[in-house]
Amino acid sequence: MSTITLSVQFSGGLETLFGNRTAHTVALPARVPVDAAHWAASPAQPGSEQAGTEAETKPVDMAYLLHHLRARALTARPELFLEHGTVRPGILVLLNDADWELEGEGAALLHDKDEVVFISTLHGG
Amino acid sequence: MSSCGNPATESDALMPRRPKFDKGKNCVKCKDAPGNIVIRHAVYCKACFFPLVAFKFRRALEPFVNPKPDGPRRTALKPAGNLLLGFSGGVGSTVLLDLVNRSYIVNQKAELRRDGGKDHPRHDKVWKRVIVCYVELGDALPRRKDKTAEIAEVVSHYEDVEFVPLRVQDAFDPSWWRRIYGDQALPQLRVSLENEELAAVLTNPPSTEPLGSLRSYLSSLPTPTAVASALQSLIRVLLLHTAVETKSSHLLLGTSLTSLAISLISGIGQGAGFNIEQEIQEEWVPDIQPASDSNGSEWLGGYQKGVRIIRPLRDVGLKECAFWAWWEKLQVVGEDRAGWPESRQDIGGLTKDFIMRLEKDYPSTVSTIVRTCAKLSPRGDVSGKCVLCERPAQEGVQEWKARISVRTTAQATDAVVLSSSSTPRTDDAAAAQLAPHLCYACHTTLTSRNARPPPPLFPSVSKESSVTLPAWVGPRMRRKVGEGEMKAAIQEFLLEE
């Protein structure tokens, strides 16, 4: 099963929720189950050949990345990162240097070597 | 996806969510480049984004630089004094400092190099001095990190910018007050928070423990909202007096459109609706003359005109500020609110959560809040300035409060008891009531209690029956009480209106 590798960065204080590391490299399966209920059972580490074989699949998207980050990278207080299946209000997301709203937010498709940035604006202004 | 039916029974019940931009994915300005950011339903590319934000910044600032705001713009910017920038380390103030640097410091130098002729009037700096002031809250709240060194590091990256670090307890420090206003008007004021009349007494000599006074003051406030509001007010007035000290005619704050909507709604929720105009823009005139001016300073004219408080990012949303900071690789130190668990339960914190949610789903509504608030003008007359927050106070507040609420009133002897027992050395004591000299919001901050008392801010600091007030309250009270006494003395000779 093919995988893609992404560069993920956190800024504006969000890095404190991810082990104080601002830059992460994330490997994801190129295809994931369509039904989000199967994501928990899908392979978090690429190379495993379980998911995608039985359930209907789709190309990996931002919604799956959020699920993956919460399950695998988040070290503290998930409620400060995610809310109702998407990022909390006040957290901005850039996909390849562009606002993720242009690509449909959670539905934005991910490709190999994509760059994703999460910026928190919750630390005052 | 948004629902338009029951997805469990109807397979086509989910329809795609509407995109958050109106037209195509290309920039609405240059029509050519692919977009990088969506600002209130409009798409902009990176190249068009920077001039757009810089234009909004200048549009909000430059018409108000000259003492008379109607003069020709840009080529004839002649402010009456220096520029003070209030810096919190948040996204807004970080972007504001960058914009000021680009527009009025680096830009001027670039012109100088290109044209030569260094004495040409075109090359005169708009602002002779640009000063950045940071107020550290590290000692005011439990488990909060001191960020002065990090802020100083950020500011040091900008040339020709002076840095003035303050600590919030300076508001209670007689030596800080003396530095600006000299030995005149030094007595401090202690106030009893036991009843709503707020019996007060001037004390001389003043307290010499600013941190103890600050913690005692904050610990005696009745709610988490009052603590947050008091800190905000202390920072604001500290910045205003620093503007006087640095001979600044303009004080710039990094309040973004989003932050402004939050502070407007939160202010109204705390009873500061009368000051809604000042929350957007304000002209503050100090009523005590600085020591340097009494010695014959050349800046007397500027002092008389006061300090203009401007929020040049009031048309720029928090999202735009964050994108600017990211693309320009600006270091945002940020404010650490996590160290104070109560802070999200106050009116300001709850309003912030509400506005952020609103902005995510309905981005234009935040702008509508600010534009609507800008059209409001409060009813009622002004009865001078509040001695605590130094903003206009509405006339007849105490009479109105007395009519509509059940209150605990003071005994006539309270002030005398206070002067003899709580403050052992009151050489120059003059007892008075503070309540008539406060605005509605400040009076509410000091007196409005919850049914359930909040957990103590500092377990080691016990609640006292009377607390020391910031350094500027005593001198202003003495002036006000003095004026009242004078008026009473000549009352019989005054002509009726």
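Keep in mind that the numbers below use all heavy atoms, side chains included, and drop hydrogens, waters and symmetry copies. Naming convention: chains lettered A, B, ... in sequence-line order (proteins, then strands); numbering from 1 in each chain.
For L94(A), the part sitting under 4.5 Å from any heavy atom of chain B is the side chain, from C-beta outward, and nothing else. Using a 4.5 Å cut-off between heavy atoms, V43(B) contacts chain A through its side chain alone, with no backbone atom that close. The contact between L92(A) and chain B is made entirely by side chain atoms (from C-beta outward), counting heavy-atom distances below 4.5 Å.
Ionic pairing of K360(B) and E101(A) is not present here: no N-O contact between side-chain nitrogen and carboxylate oxygen is shorter than 4.0 angstrom. For the pair E83(A) and R357(B), the salt-bridge criterion is met [side-chain N within less than 4.0 Å of a carboxylate O].
Among pairs with a residue in residues 58-69 of chain A, those fulfilling salt bridge (Lys or Arg N to Asp or Glu O under 4.0 Å) read K58(A)-D61(A), at least two apart in sequence or across chains.
Among L102(A), V117(A), I119(A), the residue with the largest count of heavy-atom pairs under 4.5 Å with chain B is L102(A).
Looking at residues two or more places apart in sequence or on another chain, you find a ring pair (Phe, Tyr, Trp, His ring centres under 6.0 Å) between F10(A) and F18(A), H24(A), F118(A).
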